[in-house]
Protein chains: 2
Amino acid sequence: MTAARPFADVLQRLRSAGLRPTRQRLALAKLLLENGDRHVTAEQLHSEARQASIPVSLATVYNTLHQFTDAGLLREVVVAPGRSYFDTNTGDHHHFFYEESGRLEDIPGDQVVVGALPAAPSGTTIRRVDVIVRLGERE
Amino acid sequence: MTAARPFADVLQRLRSAGLRPTRQRLALAKLLLENGDRHVTAEQLHSEARQASIPVSLATVYNTLHQFTDAGLLREVVVAPGRSYFDTNTGDHHHFFYEESGRLEDIPGDQVVVGALPAAPSGTTIRRVDVIVRLGERE
DNA sequence: GCTAATTTTAGAACTCCTCTAAAGTATTGA
DNA sequence: TCAATACTTTAGAGGAGTTCTAAAATTAGC
Ligand SMILES: [Mn+2]
Ligand SMILES: [Mn+2]
Ligand SMILES: [Zn+2]
Ligand SMILES: [Zn+2]
């Protein structure tokens, strides 16, 4: 279940999102999408790419993360002021946030159940429900 | 149940938080705590204070909001990158976030029920569970 | 009041992120 | 195959929101 998707698939996913498969987008897509579920910041991905000798600017990392998010390949999770993660798990799930370390992690399976949801106020629809369970060190 | 708390109470609440009741803190506390449930940004509170002829710098507004939060008089809610609200409702409740307007609103009563919560990972405790229901315009 | 501790402040600085416009790359279709 | 065209990348400037600095002002305790 951790099977890496083949290269051809990443290429296909970019194409069907209407994104040209450039050197930078392909490389970033492979880092993101062929390594299981990940929660990365733009800075993290940027330095990871540089370490892998992928020449890419920070602006392109931001552009790419937003394009992938708009295309539904990623989802953005905001946990604290100035701390935005991009999540490769686009399924319906929720998060643990470790306040000390800043780490964000999926809550496995159906361990969170939102039992009742309010009706959307008139004229609106519910786009998404985010549940963040904030953790501290046990006192 | 919208009864404004008397001035003496605000003063008392600052004292018991170990905060000197300065001109600025008293005035900000009154704006925040004597007007029902509110969700304000630092900038909003700052301009509200200036309009009310309370001389106060933006740095002091930030300091005060954080001190009040640490003292348990407020709670901070982050909804989007660079968008942090301070909430005068410190009870257990959840939020609607209107993505178009940027408005944050309490979900009334018990209209959200988090039915099952996961066990905290070992070595940690759950500090808080935030549920944010993100709304868009009905298509 | 006088003194010591705390608070406020303007403005600089910082972090994260977006914009600009020029150079580079991918795609199209003759 | 190769312009012509459209899109993408980039360095660096710019911006929003927030924090820091250190000097002046206020508050508290005697
Ligand atoms: Mn975004
Ligand atoms: Mn804070
Ligand atoms: Zn996730
Ligand atoms: Zn609230």
Side-chain angles (χ1 to χ4, degrees), chain A residues 7 10-31 39-50 52-71 73-74 76-86 102 104, chain B residues 10-31 39-50 52-71 73-86 102 104:
Chain A
F7 178 85
V10 160
L11 200 155
Q12 195 43 56
R13 292 171 85 182
L14 292 188
R15 283 237 156 80
S16 63
L19 297 170
R20 291 184 179 177
T22 63
R23 201 176 302 287
Q24 287 79 357
R25 291 207 275 232
L26 276 171
L28 294 175
K30 287 165 64 86
L31 286 178
H39 301 88
V40 295
T41 65
E43 283 288 0
Q44 275 166 23
L45 183 63
H46 183 232
S47 69
E48 197 176 314
R50 304 304 288 252
S53 305
I54 300 158
V56 63
S57 70
L58 184 58
T60 295
V61 171
Y62 274 105
N63 289 343
T64 302
L65 287 170
H66 289 142
Q67 290 154 355
F68 285 10
T69 300
D70 293 346
L73 301 174
L74 296 177
E76 192 172 358
V77 183
V78 181
V79 288
R83 190 163 232 145
S84 206
Y85 285 94
F86 292 86
L104 187 72
Chain B
V10 160
L11 200 155
Q12 194 44 54
R13 291 170 87 182
L14 293 188
R15 283 238 154 80
S16 63
L19 297 170
R20 289 184 182 178
T22 63
R23 199 176 304 285
Q24 286 81 355
R25 291 208 275 233
L26 276 171
L28 294 175
K30 285 164 66 84
L31 285 178
H39 301 87
V40 294
T41 65
E43 282 289 359
Q44 276 167 22
L45 183 62
H46 183 233
S47 70
E48 197 175 315
R50 304 303 289 253
S53 305
I54 299 158
V56 63
S57 71
L58 183 57
T60 294
V61 171
Y62 274 105
N63 288 343
T64 302
L65 287 170
H66 288 142
Q67 290 153 355
F68 286 9
T69 300
D70 293 345
L73 301 174
L74 296 177
R75 127 183 189 185
E76 193 173 357
V77 183
V78 183
V79 288
R83 192 163 232 144
S84 206
Y85 284 94
F86 292 86
L104 187 73

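Predicted, not measured: the structure shown is a model, and the values here were computed from it. Throughout, protein chains are lettered first and strands after them, A, B, ... in sequence-line order, and every chain is numbered starting at 1.
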- request: Would you tell me if any nitrogen or oxygen in the side chain of B:His66 comes within less than 4.0 Å of OP1 or OP2 on D:dT19?
  value: yes

Could you give the [atom1]-to-[atom2] distance, from [X] to [N], as a whole number of Å?
{"X": "B:His46", "N": "D:dT19", "atom1": "NE2", "atom2": "P", "answer": "15 Å"}
{"X": "B:Leu58", "N": "C:dC14", "atom1": "CG", "atom2": "P", "answer": "18 Å"}
{"X": "B:Ile54", "N": "C:dT8", "atom1": "CD1", "atom2": "P", "answer": "13 Å"}
{"X": "B:Arg15", "N": "D:dA28", "atom1": "CZ", "atom2": "C1'", "answer": "10 Å"}
{"X": "A:Leu65", "N": "C:dC16", "atom1": "CG", "atom2": "C1'", "answer": "13 Å"}
{"X": "A:Leu11", "N": "C:dA26", "atom1": "CG", "atom2": "C1'", "answer": "12 Å"}

Among [options], which is the nearest nucleotide to the side chain of [X]?
{"X": "A:Arg20", "options": "D:dT10, C:dT9, D:dT8", "result": "D:dT8"}
{"X": "B:Arg23", "options": "C:dT8, D:dT27, C:dT27", "result": "D:dT27"}
{"X": "B:Thr22", "options": "C:dT7, C:dA26, D:dT10", "result": "C:dT7"}
{"X": "B:Ser84", "options": "C:dT8, D:dT18, D:dT9", "result": "D:dT18"}
{"X": "A:Ser57", "options": "C:dC17, D:dA11, C:dT8", "result": "D:dA11"}
{"X": "B:Ala59", "options": "D:dT10, C:dT9, C:dC16", "result": "C:dT9"}
{"X": "A:Asn63", "options": "D:dT18, D:dT9, C:dC16", "result": "D:dT9"}

- prompt: Rounded to the nearest 0.5 Å, how far does CG of B:Leu28 lie from CG of B:Leu14?
  reply: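 It is 10.0 Å, given to the nearest 0.5 Å.
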
- line: Rounded to the nearest 0.5 angstrom, the CD1-CG distance for B:Ile54 and B:Leu31 is 4.5 Å

query: With nearest nucleotides of DNA chain D determined for B:Tyr62 and A:Pro55 from heavy-atom distances, which residue corresponds to the more 5′ nucleotide?
result: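 In this pair, the answer is A:Pro55.
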
Nearest-nucleotide comparison on DNA chain D, the residue closer to the 5′ end among A:Val56 and B:Glu43: A:Val56

- request: Indicate the atoms forming the closest heavy-atom contact of A:Val56 with A:Arg50, along with that distance.
  value: O-NH1, 3.0 Å

message: Ignoring hydrogens, what is the shortest heavy-atom contact between B:Pro21 and B:Leu11? Give both atom names and the distance.
response: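 It is CB-CG, 4.3 Å.
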
- request: Have a look at A:Arg83 and say if it touches a base, only the backbone sugar-phosphate, or nothing, with a 4.0 Å heavy-atom cut-off.
  value: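 Nothing, no nucleic acid heavy atom in range.
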
task: Report the residue from B:Thr41, B:Val40, B:Leu74, B:Val78 that forms a side-chain contact (heavy atoms from CB on, under 4.5 Å) with B:Tyr85.
output: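 Per the side-chain contact (heavy atoms from CB on, under 4.5 Å) rule, the option paired with B:Tyr85 is B:Thr41, out of B:Thr41, B:Val40, B:Leu74, B:Val78.
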
